[in-house]
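Both counts, for ligands and for their atoms, begin at 1 and track the order of listing.
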Amino acid sequence: MDSSNQPPLPIIDLEAFTSASDTATRLEAGKQLVSACHDVGFVYIKNHGVSESELSRAFDVSKKWFDLPTDQKMKAPHPPGWAVHRGYSWPGLEKVSNLVSGPAADGGSDDEFIEKLRQVQDFKESYEVGSDQNPDQPNVWPPTDVLPEWQPCMSSFYSTCFEAGKKILQALALGLGLDENHLLDFHSGDYNQLRLLHYPPIPAAAIDEGKFARMPAHTDWSTITLLFQDDCGGLQVENVHKPGTFIDATPIPGTLVMNVGDLLMRWSNDHLKSTSHRVQLPPLQDRFTGASKKTRARYSIPYFLTTDPDLLIECLIADENHPPKYEPITQRDYAAMRARMQY
Ligand SMILES: O=C(O)CCC(=O)C(=O)O
Ligand SMILES: [Fe+2]
């Protein structure tokens, strides 16, 4: 892709929202964020409040985990089935799918349909962490002798990310013309999800030939997602003005990438966009040389903010000109529909 033809993704400085004491400046910052989420659905955020030291520690410990031998990692396995999304998933277990309709979307039994989704393997491994206060999704931790720093580091990073997420939810609410805590009030923080991702090096040809995907195009089902990525590159965001084409979300040091999830899109009556994204090969010049032209390994850390499961999500922006497009739904019902398609 010729990157010079790409429209840049917006960059929002959260400092204007977090440190200004006057209402007008904060409101303006919120409106800028909402406008970016309306136009593109993906933004870089700087001054997000997650310190450089906490972030590099999370990446270091994540790398240590994925460097462990498989038999050690398998001491914290993702439970079978789709109901609980915690613990370690080995390469190929998950097939990210954007299909929310189809024979099995209503919880039906078309196993063949789901099997088809798995035919292209996602070559990545992941570890999902939640809150210990989430009764529906008990955390899966390895025995403490496996990587003693794993649990304390990831539990702490989970809370750190929520602090950053709170400010973003407040800025969004203000920008939408709502009370500052309107969106945040739906999020106790117990239902968020921290995801550690590792995309191992693979021959570039394997992706080019369609045998493997790093992560195929999908939207997230969360309220919002915060994403920290290393310097490898490969994240791409669909160009909303040219569907089917993608813009590189090149890593920018000191920023996180924030995107609107499907739930917030629905909640905002489609005012905010949940934009499709994917992970492709890193740029050509960064691929390993040699016969197989292996890609670099890539590490990323998405954090999904999700509402408490039984609160009813009703369309927010509803006036005579914009009647609600969707029935109210609880996050629990929405997530069950999505998860069924993924595992
Ligand atoms: O690894 C990335 O950069 C993207 C991850 C992602 O989109 C997801 O986990 O939903
Ligand atoms: Fe995603």
Distance-only side-chain donor-acceptor flag, Ser156 / Arg57, under 3.5 Å: no
- line: Restricting Asp220 to its N/O/S atoms, the closest one to the Fe ion (ligand 2) is OD1
query: Which residue supplies the protein heavy atom nearest to atom 4 (C) of ligand 1, what is that atom called, and how far is it?
result: Val279 CG2, 3.7 Å
message: Quick test of your reading of the structure: of His277, Gln229, Met215, Arg298, whose heavy atom lies closest to atom 3 (O) of ligand 1?
response: Arg298
query: So, Tyr88 versus His78, ring centres under 6.0 angstrom or not?
result: no
- prompt: Checking Arg86 side chain against Glu128 main chain: does a donor-acceptor pair fall under 3.5 Å?
  reply: no
- prompt: Taking the non-hydrogen atoms of Arg278, is any one of them nearer than 4.0 angstrom to ligand 1?
  reply: no
Aromatic ring proximity Phe304/His85, centre distance under 6.0 Å: no
- prompt: Just which atoms of ligand 1 are under 4.0 Å from any heavy atom in Leu197?
  reply: 1 (O), 5 (C), 9 (O)
statement: atom 9 (O) of ligand 1 sits nearest the protein heavy atom Arg195 NH1, 2.9 Å
task: Select one of side chain, backbone, both or neither to describe which atoms of Asp220 lie under 4.0 Å from any atom of ligand 1, heavy atoms only.
output: side chain
- request: Enumerate the atoms of ligand 1 whose separation from the nearest heavy atom of Leu227 is less than 4.0 angstrom.
  value: 2 (C), 3 (O)
query: Does Glu28 pair with Lys31 as a salt bridge, N-O distance under 4.0 Å?
result: no
message: Side chain, backbone, both or neither: which applies to Phe304 and ligand 1 if a contact is any heavy-atom pair less than 4.0 Å apart?
response: side chain
- prompt: Which atoms of ligand 1 have any heavy atom of His218 under 4.0 Å away?
  reply: 6 (C), 7 (O), 8 (C), 10 (O)
query: Would you call Leu174 and Leu33 a side-chain contact if the rule is heavy atoms closer than 4.5 Å?
result: no
- prompt: What angle, in degrees and rounded to 10°, do you get at the Fe ion (ligand 2) when you join it to NE2 of His277 and to NE2 of His218?
  reply: 90°
- prompt: With side chains defined as the heavy atoms from C-beta onward, is the minimum distance between Val146 and Trp65 less than 4.5 Å?
  reply: yes
statement: Numbered in order shown, the ligand 1 atoms found under 4.0 Å of a heavy atom of Tyr199 are 1 (O), 2 (C), 4 (C), 5 (C)
query: Ion pair present between Arg296 and Asp231, side-chain N to carboxylate O less than 4.0 angstrom?
result: yes
